[in-house]
Amino acid sequence: MVETSEVQLLNRDLERAIRDAGLTPRQLGARVGVSRETVERWVANEGRKPHTRTAVRVAEELGVTVEMLWPTSIRQAMKAGPDREIVSAYPFRSSCPNSVWTTLIDRARHDLFFAGYTNYFLWTEQPKLSETLQHKARSGCRIRFLVGNPESPITRMREEVEDSSFPVSTRIKITLGNLRKLAEIPQIEARYCADQDATNHVSLSVFRMDAEALVTPHLASVVGHDSPMFHLRRMGERGLYDQFVSSAEEIWERGTPV
């Protein structure tokens with residue numbers, strides 16, 4: 001009989017974060033006080049997590065959170081519950097590192113749901129987004145965009161509130177232009193929110209990547225990138241993740257095709 005041993009899986013999230021930071025295992029190790037071999041062992045086995053203090057230093061050097069680098073270990077160590085679903089909180093959406101978005105999008109296998117009112121910033125902050133979405137679609141991932149109607153009265157009202165030189169309707173049209181280039185891919189769907197949902201949609205953005213989500217409540221006249229954002233991870237029924245995602249799904253169901 002052939003003996004079997006536990007399969008060790010690569011820590012793709014850590015590997016990607018090191019690459020995105022432009023570092024080598026040796027350079028990262030030198031910054032956090034460990035050897036190159038130690039860093040390589042972390043990458044080679046996703047179940048191997050450093051001591052908490054070292055893990056925090058690694059995350060700080062790579063510009064991400066500990067939970068992004070060792071999600072499996074964190075989930076195993078944490079008690080499940082709605083109070084544990086907040087992975088990170090950012091005072092501004094713009095203060096969330098682009099690498100967080102990249103990692104969450106790359107990691108998703110089943111469902112990518114971008115339910116921001118404009119969504120335009122996704123392409124400016126993720127230059128390879130269209131290429132990534134095409135790859136995801138070919139792999140069987142469902143991809144959805146829920147946007148506001150640029151001609152909606154709520155859109156015009158929001159433009160008056162923000163009083164920005166970069167109008168909400170223009171931002172939506174940028175997204176529509178990018179989506180037209182992906183129109184031949186059946187796994188990529190797009191809808192306008194219904195008129196009765198526009199007020200709720202314009203005040204809350206929900207970006208779902210499988211069992212994780214980035215959520216932004218829009219404050220008064222503050223534009224999206226200056227509004228706070230929460231990174232959530234689903235850990236049980238009727239928790240924060242379910243509440244926000246269910247709201248976005250409800251608006252999606254009443255939406256109309258773009």
Side-chain angles (χ1 to χ4, degrees), residues 9-21 43 46 49 55 58-60 62-75 78 84-116 118-146 175 178 182 187-189 204-217 224-225 227-235 239-249 252:
L9 300 177
L10 285 175
N11 189 332
R12 300 290 186 184
D13 298 323
L14 177 58
E15 182 181 48
R16 183 185 302 109
I18 294 173
R19 182 178 65 247
D20 290 347
V43 172
E46 67 172 3
K49 176 180 174 292
V58 170
E60 289 174 346
L62 299 180
V64 296
T65 65
V66 174
E67 292 82 3
M68 293 291 296
L69 300 177
W70 291 280
T72 301
S73 297
I74 296 299
R75 283 197 296 270
M78 291 173 62
R84 300 290 191 172
E85 292 195 335
I86 300 177
V87 177
S88 297
Y90 302 94
F92 313 104
R93 191 192 71 203
S94 56
S95 64
C96 174
N98 284 346
S99 56
V100 171
W101 290 89
T102 302
T103 297
L104 290 178
I105 293 171
D106 285 350
R107 198 157 63 195
R109 294 291 178 267
H110 308 291
D111 199 335
L112 285 169
F113 184 19
F114 303 101
T118 69
N119 289 309
Y120 85 97
F121 72 93
L122 293 168
W123 277 272
T124 61
E125 297 182 12
Q126 300 291 317
K128 295 183 179 180
L129 180 63
S130 291
E131 179 182 334
T132 299
L133 294 180
Q134 292 179 60
H135 172 73
K136 290 289 181 182
R138 288 194 296 268
S139 300
C141 184
R142 184 187 187 190
I143 301 166
R144 293 175 291 164
F145 284 84
L146 179 66
T175 293
N178 283 302
L182 302 170
Q187 292 90 343
I188 300 180
E189 309 166 67
L204 179 67
S205 295
V206 178
F207 306 96
R208 175 189 178 186
M209 299 85 165
D210 284 352
E212 299 188 60
L214 297 172
V215 175
T216 295
H225 64 264
S227 293
M229 190 175 76
F230 303 95
H231 176 185
L232 307 177
R233 179 178 295 126
R234 189 177 192 273
M235 300 187 72
L240 290 173
Y241 172 94
D242 279 3
Q243 293 282 74
F244 284 112
V245 171
S246 294
S247 176
E249 291 286 358
W252 170 265

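The minimum heavy-atom distance linking Tyr90 with Ser95 is given by the pair CB-OG, 3.4 Å. Closest approach of Ile188 to Ala137, counting heavy atoms only: CG1-CB, 4.4 Å. Of all heavy-atom pairs spanning Gly63 and Pro97, the tightest one is O-CG, 2.8 Å. Taking all atoms of both residues into account, the shortest heavy-atom contact from Ser227 to Pro217 is CB-O, 3.4 Å. Here the closest non-hydrogen pair linking Gly116 and Phe207 is N-CE2, 3.8 Å. Summarising the geometry of Leu69 relative to Ala17, their closest heavy-atom pair is CD2-CB, 3.7 Å, with the distance given to 0.1 Å.
Considering CD1 of Ile105 and CE of Met209, their distance stands at 4.5 Å, rounded to 0.5 Å. Here Ser88 contributes atom OG and Met229 contributes atom CE; the two are 8.5 Å apart, rounded to the nearest 0.5 Å. Atoms CG and CZ, on Leu112 and Arg142 in that order, are 11.5 Å from each other to the nearest 0.5 Å. In this structure, CD1 on Ile18 lies 8.5 Å from CG on Asn11, to the nearest 0.5 angstrom. How far NZ of Lys49 is from CG of Leu14: 12.0 Å, rounded to the nearest 0.5 Å. With rounding to the nearest 0.5 Å, the separation of CG in Asn98 from CG in Asp20 is 10.0 Å.
The pair Glu46-Arg12 does not meet the salt-bridge criterion, since no charged nitrogen lies less than 4.0 angstrom from a carboxylate oxygen. A salt bridge does not link Arg107 with Asp210: every distance from a Lys NZ or Arg NE/NH1/NH2 to an Asp or Glu carboxylate oxygen is 4.0 Å or more.
Note that Arg93 lies in the cation-pi zone of Phe121, set by a 6.0 Å cut-off to the ring centre and a 45° limit from the axis.
Side chains of Met68 and Leu62 form no contact here, defined as non-hydrogen atoms less than 4.5 Å apart. For the pair Lys136 and Ile143, the minimum side-chain heavy-atom distance is below 4.5 Å. The shortest distance between side-chain heavy atoms of Leu232 and Ile86 falls below 4.5 Å. Residues Leu146 and Phe113 are in side-chain contact: their nearest non-hydrogen atoms beyond the backbone lie under 4.5 Å apart.
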Discussion item. Determine whether Phe244 and Glu85 satisfy the following criterion, side-chain contact (heavy atoms from CB on, under 4.5 Å), listing intermediate values before the conclusion.
Written reply: CA-CA 12 Å; Phe244 284 112; Glu85 292 195 335; over 6 Å; no

Practice prompt. Could you walk me through whether Val245 and Arg234 pass the side-chain contact (heavy atoms from CB on, under 4.5 Å) test, one step at a time?
Written response: CA-CA 10 Å; Val245 171; Arg234 189 177 192 273; over 6 Å; no

Fill in: Verdict with supporting geometry, Arg144 and Arg208, side-chain contact (heavy atoms from CB on, under 4.5 Å)
CA-CA 10 Å; Arg144 293 175 291 164; Arg208 175 189 178 186; 4.2 Å; yes

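Separation of the Trp123 and Phe145 ring centroids falls under the 6.0 Å cut-off.
Looking only at distances, a side-chain donor or acceptor of Ser94 sits under 3.5 Å from a matching main-chain atom of His225.
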